[in-house]
Amino acid sequence: MQEKYLPSEIERAAQAKWTASQAYRASDTSERPKYYCLSMFPYPSGKLHMGHVRNYTIGDVLARYHAMRGYNVMQPMGWDAFGLPAENAAIANNVPPAAWTYANIDHMRTQLQALGFAIDWSRELATCKPDYYRWEQWLFTRLFEKGVIYKKMATVNWDPVDQTVLANEQVIEGRGWRSGAPVEKRDIPMYFFRITQYADELLSGLDRLPGWPERVKTMQANWIGKSVGVRFAFRVSAEGGTTSPSPLAGEGRGEGEDLLWVFTTRADTLMGVTFCAVAAEHPLAARAAESNPELAVFIAECKQGSVAEADMATMEKKGMDTGLKVAHPLTGEEVPVWVGNYVLMSYGEGAVMAVPAHDERDFHFAKTYGLPIKQVIGVEGETFSLDGWQEWYGDKTRGRCVNSGKYDGLDYAAAVDAIAADLKSLKLGEKKTQFRLRDWGISRQRYWGCPIPIIHCDHCGDVPVPADQLPVVLPEDVVPDGSGNPLNKRADFVNCTCPKCGGAARRETDTMDTFVESSWYYARYACPDFDGGMLDARANTWLPVDQYIGGIEHAILHLLYARFFHKLMRDEGLVSSDEPFANLLTQGMVVADTYYREAEGGKKTWFNPADVELRDGIAFLKSDGQPVIVGGTEKMSKSKNNGVDPQALIDQYGADTARLFTMFAAPPEQSLEWSDAGVEGAHRFLKRLWKAAFDHLQVRGSVTAYMSGDLGNLSDEAKALRRQLHQTIQKVGDDIERRKQFNTAIAAVMELMNALAKLEGDDAMTRGMRQEALEAAVAMLAPIVPHIAEALYAELRPGAALAWPEVDEAALVQDEIELMLQVNGKLRGQVRVAATADKAAIEDAALASEAAQKYLEGKPPKKVVVVPGRLVNIVI
RNA sequence: GCCGGGAUGGCGGAAUCGGUAGACGCAGCGGAUUCAAAAUCCGCCGCUGGUAACAGUGUGGGGGUUCGAGUCCCCCUCCCGGCACCA
């Protein structure tokens with residue numbers, strides 16, 4: 001055995017061995033129980049960052065642990081290969097996105113292999129390849145025909161200078177990232193997935209996911225946002241005596257010109273309505289603006305700025321009176337209609353009733369614009385005042401109706417019921433379940449994505465591309481220049497014939513949201529080579545995924561879309577399960593400091609932490625020695641350029657050290673602030689482990705008592721160590737399998753190794769004991785540091801396969817245990833009692849102890865609390 | 001703004017069901033080894049007072065429940081993630 005720990009050598013050897021034996025090839029036909037362990041696939045941005053290392057090491061630990069426990073494990077890997085960064089790189093470097101992407105994939109694959117992950121590379125896929133997206137296009141055409149996909153107008157960010165649609169990320173403080181021009185909202189036609197049709201199932205399904213973190217389920221439930229309320233209408237005061245069509249016959253907003261529909265969860269406050277507010281895009285607003293130039297200007301102002309909801313919600317609430325009046329549905333009273341920049345056209349009806357007395361936002365709006373405020377809810381002992389908002393105004397659990405005529409005295413539920421019933425009898429409204437969730441718009445005006453398989457024909461309309469003409473292949477030699485969609489300039493792509501009538505037609509040039517590809521890749525891994533359809537029977541062999549691992553930032557969108565897609569595939573008969581991921585581990589973010597410089601016009605250039613050095617608390621760019629601005633600690637990302645390259649770590653210390661450190665530095669669900677310190681310690685531990693095995697093996701020949709079962713002659717010290725060994729085996733298994741807390745598993749093995757180093761003696765029994773402990777320690781570490789474990793196990797047990805150690809219950813037995821002794825809840829000493837002692841015996845022993853006597857001073861205790869196995873608390 | 005999460009020594013973190021706060025590691029300090037350094041090994045290490053034994057204090061801030069609170073409840077501050085076109 002080599003005396004020195006040489007990571008590069010043993011890692012190369014171990015990886016060569018695994019590759020040669022196809023050690024991580026998953027069997028589609030095994031009798032053993034399956035364990036499908038999946039980590040979120042990476043976007044091929046260039047090189048791996050620490051977030052990847054963390055994510056894939058967590059997955060690898062679980063995959064390898066389960067393999068050691070006898071499971072047929074599948075751990076696949078692929079590439080989320082379409083996306084905006086490839087187009088940005090193309091603009092910056094004049095390289096086709098395809099070439100850039102494929103080069104990145106090759107480099108990152110090499111990096112993943114150098115980290116020694118137990119990946120079944122035979123299942124590798126890339127979403128930008130036609131043999132993958134072909135089936136996405138096929139499903140699209142199926143769903144389009146079923147009506148699950150439909151077309152409607154939607155609002156996007158428009159850069160008037162670059163003449164292009166901008167992603168929210170490309171809008172910086174209301175301006176286009178490249179042009180710096182103020183961004184406008186623009187309505188364009190888009191294709192939508194009818195995800196709202198599945199809203200109820202997506203919500204109720206959360207209750208059947210015990211293996212998901214509560215926080216993720218809560219976030220999804222809130223996102224779906226089911227609320228029961230009342231949808232009702234105000235009559236728009238007639239300006240020519242038009243009559244209303246049957247108000248409940250239609251659906252959607254603004255049917256007819258004479259009804260203003262709104263939705264509310266607070267129908268109990270309906271008597272307190274003092275105005276209505278509509279979105280700037282609402283038809284009523286447009287109508288009022290025709291004869292009101294000032295209003296038209298205001299509406300145009302509202303169309304400035306980004307469409308991001310976070311921007312909408314944080315901007316100053318502004319409004320303007322339209323001059324229009326509507327009639328209160330119950331009192332007939334005249335109510336003014338305002339345009340509010342805070343009313344979202346995309347949510348509900350694009351219009352809201354305003355009750356300033358009992359809604360905080362309405363309250364402030366009414367105060368700003370001098371609108372009336374009418375109290376209609378009262379709480380006993382509280383006084384309503386117009387001076388300022390108080391929490392109880394909006395509390396529906398405590399209030400009763402006041403100033404509300406016949407509804408006075410009713411509580412929330414009774415008032416909602418009574419008012420809904422009255423609206424219904426007036427045919428002006430009824431109870432309705434509403435979701436916050438909106439349909440999923442998937443059209444993107446971008447080149448580097450999956451083409452939407454639709455052909456536009458002047459005669460036949462939007463025609464889905466027939467299955468035998470799929471895939472619609474994206475040309476890979478295009479270099480975008482940042483303006484418009486380059487596919488529009490490709491006549492060879494655009495011009496086609498209509499599949500229905502055979503006439504000249506135009507191909508759709510929008511591509512799909514990249515979330516579509518990532519919504520079903522987990523299923524395709526079961527059968528990546530199947531060319532007869534989207535999925536074959538192997539999908540049901542492997543699904544659902546037993547363990548899914550990925551960043552917490554995906555808690556809502558990606559995970560909700562993937563759940564939705566699974567149900568779409570189920571309803572197409574492609575999979576038989578209801579949910580894609582049985583267990584979910586959301587790893588915390590790897591965060592790092594950010595550094596930037598700001599050009600005139602607010603454009604920021606971000607610098608990588610590796611290129612920055614700190615002197616006297618000021619950050620300087622290494623290349624030019626000039627200062628940069630410190631931007632705070634944020635998620636490692638391409639856009640903030642604060643990713644730390646793990647390659648240097650691997651080159652210097654080896655993959656095992658990189659893996660050990662990332663698992664040891666923090667528990668997986670917590671965010672991990674990157675720092676170089678600490679890596680050294682992980683490496684030192686591996687060196688000590690190597691040396692301990694080496695020293696032991698120098699005298700291997702004399703190990704006779706090894707696992708003989710006859711442990712009677714062990715010294716007390718050795719017995720205690722053996723107890724610790726088996727406690728450690730128990731703990732590490734529990735930490736990995738149940739708690740998924742790898743940092744404490746590693747700490748426990750470190751403690752064991754520290755104790756083992758102190759164990760004296762070279763007799764046969766002690767050496768046997770040491771052999772047992774070393775084998776177990778190496779095996780327990782194998783999922784985390786597989787290369788060194790492979791090498792050491794081969795020395796400790798030549799020819800044997802790595803096996804997870806079994807707990808010897810007999811080793812865990814203790815005769816005496818130590819309890820802590822508290823006096824008035826403060827630790828004052830210890831008590832030793834027999835492990836079998838009952839409560840009375842423990843109490844007697846505690847009271848008799850020196851420490852207790854000292855504090856009791858001969859007086860009897862007030863109370864004695866005994867927690868067997870833990871403590872005695874004497875209350876004086 | 002809304003939804004979700006977090007805050008524990010100089011630092012990363014541990015304390016799994018309300019029961020010894022600070023495991024394990026990093027940094028630091030002292031020592032051994034060495035011509036010297038690196039590496040390695042041994043010891044110390046929350047804060048205050050004390051030579052020490054020990055005492056007090058301490059888990060972002062304020063209040064509460066309990067024999068006992070880092071852990072449960074209420075209020076507050078700050079930080080992070082998501083907010084539908086970043087992935």
Side-chain angles (χ1 to χ4, degrees), chain A residues 40 42-43 45 80 82-85 88 154 156-157 165-171 213-216 218-223 225 306-315 317 342 346 361 436-446 513-515 518 551-558 560-561 588-589 591 632-635 637-639 661 664-667 669-673 675 677-682 684-685 687-688 691 731 734-735 738-739 741 743-744 746-751 754 757 818-827 829-830 862-865 867 870-871 873-875:
Chain A
M40 290 181 186
Y43 176 78
S45 54
D80 187 15
F82 278 136
L84 203 51
N88 296 341
V156 294
N157 302 306
V165 175
L166 296 178
N168 283 335
E169 192 194 44
Q170 298 172 317
V171 180
E214 280 309 318
R215 62 168 162 165
V216 174
T218 306
M219 280 190 260
Q220 292 216 348
N222 290 339
W223 183 262
S306 101
V307 299
E309 190 175 317
D311 295 335
M312 306 281 283
T314 48
M315 69 192 175
K317 309 288 176 287
Y342 62 91
S346 50
R361 195 173 53 183
R436 205 187 75 94
L437 181 69
R438 308 195 294 259
D439 277 340
W440 175 16
I442 54 145
S443 295
R444 298 290 179 268
Q445 298 68 44
R446 306 201 195 295
D513 180 359
T514 57
F515 271 125
S518 56
I552 183 65
E553 67 273 25
H554 296 293
I556 297 175
L557 290 179
H558 161 63
L560 188 68
Y561 292 147
M589 237 101 29
V591 297
T633 309
E634 290 184 61
K635 175 179 89 163
S637 72
K638 191 93 181 155
S639 59
F661 175 70
F664 183 61
E669 303 225 305
Q670 262 179 49
S671 67
L672 167 62
E673 191 172 329
S675 85
V679 176
E680 193 74 47
R684 261 202 294 266
F685 172 70
K687 281 200 281 191
R688 274 203 302 273
K691 186 159 189 306
K731 177 175 171 56
D734 187 54
D735 276 353
R738 180 181 64 88
R739 298 216 301 151
Q741 186 125 328
N743 55 332
T744 52
I746 294 164
V749 179
M750 285 176 167
E751 283 183 80
N754 290 345
E818 196 164 78
L819 303 183
M820 62 162 162
L821 177 66
Q822 291 185 337
V823 177
N824 287 341
K826 280 186 194 261
L827 180 70
Q830 280 84 26
K862 220 187 217 171
K863 185 177 175 182
V864 179
V865 180
V867 184
R870 285 220 180 254
L871 61 74
N873 186 16
I874 301 169
V875 187

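Chain letters run A, B, ... following the sequence lines, proteins first and then strands; every chain starts at 1. Note that this is a predicted model, so its numbers are computed, not measured.
- Of the P atoms belonging to B:rA38 and B:rA32, the separation is 14 Å, rounded to the nearest Å.
- With a cut-off of 3.5 Å on both pairing distances, the Watson-Crick or G-U wobble partner of B:rC2 is B:rG82.
- Residues passing the ring-ring contact (aromatic ring centres under 6.0 Å, His included) test with A:Phe661, sequence neighbours excluded: A:Trp674.
- Among residues two or more places apart in sequence or in another chain, the side-chain contact (heavy atoms from CB on, under 4.5 Å) test is passed with A:Asn88 by A:Leu84, A:Gln170, A:Trp177.
- When heavy atoms are screened at a 4.0 angstrom cut-off, A:Asn222 is found touching the sugar-phosphate backbone but no base atom.
- Put simply, the side chain of A:Asn824 reaches to within 4.5 Å of the side chain of A:Val875, judged on heavy atoms.
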**Letter per nucleotide, 5' to 3', of nucleotides 82-87 of chain B [B base touched, S only sugar-phosphate touched, - untouched; heavy atoms, 4.0 Å]** = SBBBSB

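- Base contact: A:Arg739 has a heavy atom under 4.0 Å from a base atom.
- The base-pairing partner of B:rU77, taking Watson-Crick or G-U wobble contacts with both distances under 3.5 Å, is B:rA7.
- Every residue two or more places apart in sequence or in another chain that forms a side-chain contact (heavy atoms from CB on, under 4.5 Å) with A:Ala221 is listed here: A:Leu203, A:Leu206.
- With sequence neighbours excluded, no residue forms a side chain to side chain donor-acceptor pair (under 3.5 Å) with A:Trp223.
- Proximity of A:Phe685 to A:Phe664: side-chain heavy atoms (C-beta onward) are nowhere separated by under 4.5 Å.
- Remark: B:rC44 base-pairs with B:rG28. Criterion, Watson-Crick or G-U wobble with two distances under 3.5 Å.
- Of the N and O atoms on the side chains of A:Thr744 and A:Asp735, at least one donor lies less than 3.5 Å from an acceptor on the other residue.
- For A:Asp735, the side-chain atoms get nearest to B:rU16 when compared with the rest of B:rG12, B:rG13, B:rU16.
- Atom CG in A:Leu871 sits about 10 Å away from atom P in B:rA21, given to the nearest Å.
- Using N1 to N3 plus N6-O4 or O6-N4 for Watson-Crick, or N1-O2 and O6-N3 for G-U wobble, each under 3.5 Å, B:rU71 pairs with nothing.
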Heteroatom pairs (N/O) under 3.5 angstrom, protein to nucleotides 23-28 of chain B:
unit_1: B:rA23; atom_1: O2'; unit_2: A:Glu751; atom_2: OE1; d: 3.2
unit_1: B:rA23; atom_1: O2'; unit_2: A:Glu751; atom_2: OE2; d: 3.2
unit_1: B:rG25; atom_1: OP1; unit_2: A:Asn754; atom_2: ND2; d: 3.2
unit_1: B:rC26; atom_1: OP1; unit_2: A:Arg684; atom_2: NE; d: 3.1
unit_1: B:rC26; atom_1: OP1; unit_2: A:Arg684; atom_2: NH2; d: 2.6
unit_1: B:rA27; atom_1: OP2; unit_2: A:Arg684; atom_2: NH2; d: 3.2

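- When distances run from any side-chain atom of A:Gln741 to the nucleotides B:rA15, B:rG68, B:rG4, the shortest one goes to B:rA15.
- Taken to the nearest 0.5 Å, the CG atom of A:Leu871 stands 11.5 Å off from the CD atom of A:Gln830.
- Across the C1' atoms, B:rC24 and B:rG63 are found 35 Å apart, a figure rounded to whole Å.
- Residues A:Lys731 and A:Glu751 are not paired through a salt bridge, judged by the lack of any N-O separation under 4.0 Å between the basic side chain and the carboxylate.
- One C1' atom belongs to B:rU71, the other to B:rU65, and the distance between them is 14 Å to the nearest Å.
- Nucleotide B:rA87 has no partner under the Watson-Crick or G-U criteria, as no pair reaches both atom distances under 3.5 Å.
- With the nearest nucleotide of RNA chain B identified for both A:Lys863 and A:Glu214, A:Glu214 has the one nearer the 5' end.
- Base pairing analysis places B:rA23 opposite nothing; no Watson-Crick or G-U wobble pair with both distances below 3.5 Å involves it.
- For the pair A:Gln670 CD and B:rG81 P, the interatomic distance rounds to 15 Å; values are reported in whole Å.
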